[in-house]
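Just below is one structure, and these are the notes that go with it.
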Amino acid sequence: MSDVPPGLDWIRAAPEGATGPGPWIEVAYGEDDAVYLRETSDPDTVVTTTRRKWDAFVLGVRAGEFDHFVEP
């Protein structure tokens with residue numbers, strides 16, 4: 001986790017009113033267009049991407065482009 005800047009403001013992606021430890025995904029926005037992702041159950045493992053790629057992913061989720069990955 002040495003490349004991750006300290007003091008990031010992590011935003012938890014959990015359903016409204018959810019309680020408990022999750023696991024949940026957390027997102028933080030850094031400098032230079034960096035977006036950091038981690039899971040609450042393993043906060044030392046952080047994935048980094050760009051804001052442009054993150055925005056494209058979120059738009060794809062909203063459009064249903066990844067629905068085939070979810071079991072019926």
Side-chain angles (χ1 to χ4, degrees):
M1 196 162 125
S2 60
D3 319 18
V4 180
L8 290 173
D9 183 25
W10 291 96
I11 303 163
R12 186 167 291 177
E16 188 173 326
T19 59
W24 310 111
I25 298 296
E26 294 180 315
V27 180
Y29 299 98
E31 294 182 13
D32 297 327
D33 215 30
V35 177
Y36 302 92
L37 304 154
R38 69 182 184 185
E39 189 174 338
T40 55
S41 62
D42 186 14
D44 289 333
T45 301
V46 178
V47 176
T48 306
T49 190
T50 65
R51 183 63 188 245
R52 180 176 170 206
K53 291 177 183 178
W54 176 247
D55 289 347
F57 173 74
V58 171
L59 290 172
V61 169
R62 286 183 180 168
E65 293 177 18
F66 303 100
D67 290 355
H68 63 284
F69 289 111
V70 180
E71 294 183 32

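- Transitive grouping of hydrophobic side chains (ILVMFWY, heavy atoms separated by less than 4.5 Å) keeps Tyr29 and Trp10 in distinct clusters.
- The shortest non-hydrogen separation linking Gly22 to Thr40 is CA-OG1, 4.4 Å.
- Scanning for side-chain contact (heavy atoms from CB on, under 4.5 Å) contacts around Pro6 gives an empty result, with sequence neighbours left out.
- Between Tyr36 and Pro5, the shortest heavy-atom distance links the atoms OH-CD, 3.3 Å.
- Summarising the geometry, atom CG belonging to Leu37 is positioned 11.0 Å from atom CD1 belonging to Ile11; distances are rounded to the nearest 0.5 Å.
- Each salt bridge (charged side-chain N to carboxylate O under 4.0 Å, His left out) pair with one or both residues in residues 9-32, not counting sequence neighbours, appears once here: Arg12-Glu26, Glu26-Arg38.
- For the pair Ser41 and Pro43, the tightest heavy-atom approach, listed with the atom from each and the gap, is C-CD, 3.7 Å.
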Contacts table for residues 55-72: side-chain donor-acceptor under 3.5 angstrom, sequence neighbours left out:
| residue | atom | partner | partner atom | Å |
| --- | --- | --- | --- | --- |
| Asp55 | OD1 | Arg51 | NE | 3.0 |
| Asp55 | OD2 | Arg51 | NE | 3.4 |
| His68 | ND1 | Glu65 | O | 3.4 |

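- Val27 and Val46 fall into different hydrophobic clusters, where Ile, Leu, Val, Met, Phe, Trp and Tyr side chains are chained together by heavy-atom contacts under 4.5 Å.
- Applying the side chain to side chain donor-acceptor pair (under 3.5 Å) test to Thr19 and every residue at least two apart in sequence or in another chain returns nothing.
- Among all heavy-atom pairs drawn from Asp33 and Arg52, the shortest one is OD2-N, 4.1 Å.
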